[in-house]
Undergrad: 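What follows is a structure written as structure tokens; I'll ask about it next.
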Protein chains: 2
Amino acid sequence: MARTVSERADILPLLGEVFREHGFEGASLAHITARTGLGKGSLYHFFPGGKEEMAAAVLAEIDLWFETNVFAPLRAQEDGAAAIRDMLGRVDAYFRSGRRVCLVGVFALSEVRDRFCGQVLSYFARWREALADALRRTGRAPDTAGEDAEDAVLAIQGALVLARALDDPAVFTRTLARLERRLLGMAALHAAQQ
Amino acid sequence: MARTVSERADILPLLGEVFREHGFEGASLAHITARTGLGKGSLYHFFPGGKEEMAAAVLAEIDLWFETNVFAPLRAQEDGAAAIRDMLGRVDAYFRSGRRVCLVGVFALSEVRDRFCGQVLSYFARWREALADALRRTGRAPDTAGEDAEDAVLAIQGALVLARALDDPAVFTRTLARLERRLLGMAALHAAQQ
DNA sequence: GTCTATAAAGCGATAGAC
DNA sequence: GTCTATCGCTTTATAGAC
């Protein structure tokens, strides 16, 4: 691990990995110092609030990344189908084709959800709404777009669970391919019908 | 909490709830003694191997319940469509319509998966295969049944994540309804085509 | 079978030197 | 900004009385 002077932003990704792999409770300071190469002194210099502040900062960084690279493009890109295809590509890259887990999902499942309730809820709610927006632009009926978007977001989370449970990242890859068909396969059809 | 002499089998469900709510690392002996009403002496009398043995016993109990009430009926019931409908009903009841989380899924996501690797993998693999079996009996093409079963199992897990993240159990209920349509809605069609 | 007392280790967090 | 030393508390686990 690099032993030079570091910045808070540099260690956030490393912190993220530790929380992803061990969960909030399992992510001990010992794990964190080992992964980051920083002593407790440095850690508490950057995060006076301790572990809770570290986790909140990681969540905020993840949130910003998804807002910038996933949610905003979903809302802004005029071609809904292209927007959805881009989302699936970025999601595949972010989750390393099923080899990396979703920290927000991990937090959601345990009782630490309550500590980060707002951040967890907002992440998934905005993902669902942004995807529903894009779906409507593909010509999907407004009243089904919401449920279809929810179905897709939840499938991504479930695929991460199953891929890890079965120790088979291909589950995730297959799921993304199926989602593309489910979300876009009928888009041309819908559009043509109008 | 009942203060009389207890049996190992009586405390397993309570242990399950603690592990579900806090995860393996977060489930401290303090939480466990509080929930079960048993002192450490009793706990170590029943589970000499400590927390790890407790978690393994809970996983085994869950496995047995699903084998008996979900997997076996899926494989045995001649009417595939009825078998799948039964599964969805029992899953809805087990997960309390989205208010209860899947312990095996929770374990799968963190690094404790490695400790219970075999049990976690077997649970999901058998669920997927049993459901694929039932799907084939509805007339679904053998080569798509496997992927459709995988999609359903993973949707259930994802719905539990999202329901908790959004603090909205209805996400789970909606997902089960959608799965019934997706798995069986076209069953009559498939059967009729033959 | 259940309890309390206790051991030994690990935890998150702080202080203060550099 | 980084480190080491240390505090006080919680952790898992054991021992032994009842």
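Letters A, B, ... mirror the listed sequences (proteins, then strands); counts begin at 1. Values below: all heavy atoms of this structure, side chains included; hydrogens, waters and symmetry mates excluded.
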Undergrad: In residues 23-33 of chain A, which residues come under 4.0 Å of DNA chain D by heavy atom?
TA: none
Undergrad: Roughly how many Å is it from CD in A/E52 to C1' in C/dA13, rounded to a whole number?
TA: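 Value for this atom pair: 14 Å.
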Undergrad: In this structure, how many angstroms lie between the P atom of D/dG1 and the CD atom of A/E7, rounded?
TA: 9 Å
Undergrad: Going by the rule side-chain contact (heavy atoms from CB on, under 4.5 Å), which residues pair with B/A55 if we only count those two or more places apart in sequence or in a different chain?
TA: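 Per chain and number, B/A55 pairs via side-chain contact (heavy atoms from CB on, under 4.5 Å) with B/F19, B/F24, B/F107, B/F116.
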Undergrad: Taking B/E78 first and then B/R137, would you say they form a salt bridge - that is, a charged N and a carboxylate O separated by under 4.0 Å?
TA: no
Undergrad: Any ring-ring contact (aromatic ring centres under 6.0 Å, His included) involving residues 75-106 of chain B? Give me the pairs, sequence neighbours left out, ordered by first then second residue.
TA: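 Those involving residues 75-106 of chain B are B/W65-B/Y94, B/F66-B/Y94.
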Undergrad: Which residues in residues 40-47 of chain B have at least one heavy atom lying under 4.0 Å from any atom of DNA chain D?
TA: B/K40, B/Y44
Undergrad: For residues 166-173 of chain B, which side-chain N or O atoms pair as donor and acceptor with protein atoms under 3.5 Å away, sequence neighbours left out?
TA:
| residue | atom | partner | partner atom | Å |
| --- | --- | --- | --- | --- |
| B/D168 | OD1 | B/A170 | N | 3.1 |

Undergrad: Mind running a 4.0 Å heavy-atom check of residues 112-120 of chain A against DNA chain C and sending the residues that fall below it, in number order?
TA: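 The stretch gives none, as no residue of it lies under 4.0 Å from the strand.
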Undergrad: Check whether any side-chain N or O of B/H31 sits under 3.5 Å from a backbone N or O of B/G26 as a donor-acceptor pair, and report yes or no.
TA: yes
Undergrad: Has the side chain of B/R178 got a donor or acceptor atom that lies under 3.5 Å from a matching backbone atom of A/D148?
TA: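 Here the side-chain-to-backbone pair does not exist.
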Undergrad: Pick one: which of A/I32, A/T33, A/I11, A/D10 meets side-chain contact (heavy atoms from CB on, under 4.5 Å) with A/L38?
TA: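 Only one of A/I32, A/T33, A/I11, A/D10 forms a side-chain contact (heavy atoms from CB on, under 4.5 Å) with A/L38, namely A/I11.
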Undergrad: Salt bridge or not between A/E53 and A/R8? Use side-chain N to carboxylate O under 4.0 Å.
TA: yes
Undergrad: Does the side chain of A/L176 come within less than 4.5 Å of A/I156's, by heavy atoms?
TA: yes
Undergrad: Spell out, as yes or no, whether a donor-acceptor pair under 3.5 Å connects the side chain of A/R164 to the backbone of B/S110.
TA: yes
Undergrad: How long is the line joining CD1 of A/I11 and C1' of D/dG1, in whole Å?
TA: 11 Å
